[in-house]
Amino acid sequence: MSLNYIWSGFFLVGFAAALAQWLLLGDTEIFKRIIEGTFDSARLGVMDIALPLAGVMTLWLGIMNIGEKAGMVNLLARVISPFFSRIFPEVPKNHPATGHMVMNFSANLLGLDNAATPFGLKAMESLQTLNPNKDEPSNAQIMFLVLHTSGLTLIPVAIMAQRAILGAHDPSDIFIPCMIATYVATMAGIIGVAIRQRINLFNGVVMGWLGGITAFIGATVWYFTQYLARSEIEQVSKVVSNLVLIVVIAAFIIAALWKKVNVYEAFIEGAKGGIQTSITIIPYLVGMLVAISVIRNAGVLGFMISGLDWVVTHLGWNADFVPSLPTALMKPLSSSASKALMIDAMKTYGPDSFIGRLTCVFQGSADTTFYIVALYFGSVGIRKTRYAISCGLIADFAGVVAAILVSYAFFH
């Protein structure tokens, strides 16, 4: 029921805010902006997200099917099953869903959004086969979704590229702050869901894996800062992330040929599901994007920022971070809108300003909770979200707080 109340609330709060601006401020254009925004968002959901996603889904579901036929996905599942069996206790050992989740997390880790989405949707579909109640998410689906929305990203390639386009002196200077913030968000998400599901994170295997991941991230930060010039970080990030992806494709094909799989037929068989999945998610995408558009165009975020600025100022805290908060508040709602706000902040204040850098760290600290809930749950027909949204927002909040603190430490 939470999506029902949230979706309705977006419209009603937006209407109330618009009515107040018309009656109290004399803004006669407010209703026009809201209605035009709903049309634009409906078009965006279909033409700019669902249809382009159909092509990407067709490609990567085909590649994924080759990997499954070759046994590579099952190999990934076996490698990581000791860890996943603890945090996903409902998923049987070596189940294909484990391999699909690993592929999704790996693509996210490298900042490869286009590949991560098809892998994630395939993972959600696999988990749905284990779900006894098809109308609401299982514990495993909630853990997966929250980990995905926390957006653990090792290499924020797209953000660094945008900073370079806007003339930042050192486009990669947000690399370490982004990594720290997204790591905090991910750990908050794991802990939040583990508490609700009564999962023991102090298990030796879990602690070993989490410690290993922490050590790997720390070693990556150390290597990048000690052995690479700042100008080299962005270039190395681009090469490594895309190299890993092409290596995965080549490895899947080679393994399939070794097992005498008809690679092309396997690709076509898997690719057929891409169009259908994209069509299935259109109503969910349009519904959520239109509701978010109402909140944005009604000026609700502006009111929230003004209120936060007043609170922070009266508490005597440093309020330099407040102008960057629209990006943080928009991030759980819409990735494209938060990206536009990030770019606008860099253009307004400068890409090397404190605000310009902080908005970039916000953008890299977590993923888009409401969009992902609508996309992933909608793809398998889940209508009740249980505590998925609340735990996802806890991870988002932890990422925002971490982003502010680390940006003060690095840039202020």
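A quick note: this is a predicted structure, and the numbers were derived from the prediction, not measured. Throughout, residue positions are numbered sequentially from 1 according to the sequence presented.
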A.B. asks: Around atom CZ of F11, are there more than 12 heavy atoms from other residues, nucleotides or ligands closer than 6.0 Å?
C.D. replies: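 Atom CZ in F11 is crowded, with more than 12 foreign heavy atoms closer than 6.0 Å.
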A.B. asks: List the steps, then state whether side chain to side chain contact (heavy atoms under 4.5 Å, CB included) holds for Y5 with L12.
C.D. replies: CA-CA 10 Å; Y5 294 126; L12 296 177; over 6 Å; no
A.B. asks: Can you tell which of L341, T348, T327, L325 makes a side-chain contact (heavy atoms from CB on, under 4.5 Å) with T359?
C.D. replies: T327
A.B. asks: Locate the shortest heavy-atom distance separating N104 from H148; write the atom from each residue and the value.
C.D. replies: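 For N104 versus H148, the nearest heavy atoms are OD1-ND1, 3.2 Å.
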A.B. asks: Quick one: OH on Y349 to CG on L358, what's the gap to the nearest 0.5 Å?
C.D. replies: 11.5 Å
A.B. asks: About how many Å separate CZ of R357 and CD1 of I174, when rounded to the nearest 0.5 Å?
C.D. replies: 10.0 Å
A.B. asks: May I ask you to check whether over 12 heavy atoms, not counting those of K134, lie within 6.0 Å of atom NZ?
C.D. replies: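 Result for NZ/K134: enclosed.
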A.B. asks: Any side-chain heavy-atom pair from N133 and K384 closer than 4.5 angstrom?
C.D. replies: no
A.B. asks: Do V380 and N131 come within less than 4.5 Å of each other through their side chains, counting heavy atoms only?
C.D. replies: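 Contact flag for V380/N131 side chains = no.
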A.B. asks: Restricting to pairs with a member in residues 286-295, which pass side chain to side chain donor-acceptor pair (under 3.5 Å), not counting sequence neighbours?
C.D. replies: S41-S293, S293-N297
A.B. asks: Give me the atom names and distance for the closest heavy-atom approach of V361 to A403.
C.D. replies: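 Shortest heavy-atom separation between V361 and A403 comes out as CG1-CB, 3.6 Å.
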A.B. asks: Please examine the side chains of R386 and N139, heavy atoms only from C-beta on, and report whether any two atoms are closer than 4.5 Å.
C.D. replies: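 Of all side-chain heavy-atom pairs linking R386 with N139, at least one is under 4.5 Å.
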A.B. asks: Once you round to the nearest 0.5 Å, how far does NE2 of H100 lie from CG of L121?
C.D. replies: 12.0 Å
A.B. asks: The criterion is ring pair (Phe, Tyr, Trp, His ring centres under 6.0 Å); which residues satisfy it with Y408, sequence neighbours excluded?
C.D. replies: F354, H412
A.B. asks: Could you go through I34 and F15, starting from their C-alpha distance and side-chain angles, then the distance that decides it, and tell me whether this counts as side chain to side chain contact (heavy atoms under 4.5 Å, CB included)?
C.D. replies: CA-CA 9 Å; I34 291 175; F15 172 71; over 6 Å; no
A.B. asks: Which value, rounded to the nearest 0.5 Å, describes the distance between F144 atom CZ and T149 atom OG1?
C.D. replies: 10.0 Å
A.B. asks: Is there side-chain contact between L166 and I343, with heavy atoms separated by less than 4.5 Å?
C.D. replies: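 Answer yes - side chains close enough.
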A.B. asks: Regarding E125 and S379, do their side chains bring together a donor and an acceptor under 3.5 Å, going by distance alone?
C.D. replies: no
A.B. asks: Show the nearest heavy-atom pair for residues F321 and V312, with the distance to one decimal.
C.D. replies: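 Taking F321 first and V312 second, the nearest heavy atoms are CZ-CG2, 3.9 Å.
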A.B. asks: Do the side chains of M101 and L147 get nearer than 4.5 Å, heavy atoms only?
C.D. replies: no
A.B. asks: Which heavy atom in E90 sits nearest to a heavy atom in L130, and how many Å separate them?
C.D. replies: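 In terms of heavy atoms, the two residues are closest at O-CD1, 4.5 Å.
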A.B. asks: Are I159 and K339 side-chain neighbours, meaning at least one heavy-atom pair lies under 4.5 Å?
C.D. replies: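 I159 does not reach K339 side chain to side chain.
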A.B. asks: Give a yes or no on whether F303 atom CZ has more than 12 heavy-atom contacts from other residues, nucleotides or ligands under 6.0 Å away.
C.D. replies: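 Check passes, neighbour count above 12.
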A.B. asks: To the nearest 0.5 Å, tell me how far M143 CE sits from I190 CD1.
C.D. replies: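 The CD1 atom of I190 is 6.5 Å from CE of M143, to the nearest 0.5 Å.
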A.B. asks: Out of L145, I382, L127, which one pairs with Y376 under the side-chain contact (heavy atoms from CB on, under 4.5 Å) rule?
C.D. replies: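 Testing each of L145, I382, L127 against Y376, the sole residue satisfying side-chain contact (heavy atoms from CB on, under 4.5 Å) is L145.
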A.B. asks: Scan side-chain atoms only and decide if R86 and N200 contain a donor-acceptor pair under the 3.5 Å cut-off.
C.D. replies: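 The answer is no; no qualifying pair exists.
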A.B. asks: With side chain to side chain contact (heavy atoms under 4.5 Å, CB included) as the criterion, how do M346 and Q162 come out once you've worked through the C-alpha distance, each side chain's angles and the decisive distance to 0.1 Å?
C.D. replies: CA-CA 10 Å; M346 285 195 284; Q162 191 61 60; 4.1 Å; yes
A.B. asks: Working to the nearest 0.5 angstrom, can you tell me the gap between F411 CZ and D320 CG?
C.D. replies: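 Here the rounded value is 14.5 Å.
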A.B. asks: On a heavy-atom basis, which atom in S150 and which in T186 lie closest, and how many Å separate them?
C.D. replies: OG-OG1, 3.1 Å
A.B. asks: Is any side-chain heavy atom of Y371 closer than 4.5 Å to a side-chain heavy atom of L333?
C.D. replies: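 The answer is no; the side chains never approach within 4.5 Å.
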A.B. asks: Look at the side chain of S138 and the backbone N and O of Q141, then say whether any donor-acceptor pair between them is shorter than 3.5 Å.
C.D. replies: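 Judged by distance alone, yes, a pair lies under 3.5 Å.
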A.B. asks: Does the T313 side chain pair with the main chain of W310, one donor and one acceptor, at a distance under 3.5 Å?
C.D. replies: no
A.B. asks: Please find the pair of heavy atoms, one from K331 and one from F362, that lie closest to each other, and give the distance.
C.D. replies: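 That would be CG-O, 4.4 Å.
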A.B. asks: Apply side chain to side chain contact (heavy atoms under 4.5 Å, CB included) to the pair N65 and L61, showing each step before the final yes or no.
C.D. replies: CA-CA 6 Å; N65 195 51; L61 289 183; over 6 Å; no
A.B. asks: With heavy-atom distances below 4.5 Å as the criterion, would you say the side chains of M330 and R296 are in contact?
C.D. replies: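 M330 vs R296: side chains touch.
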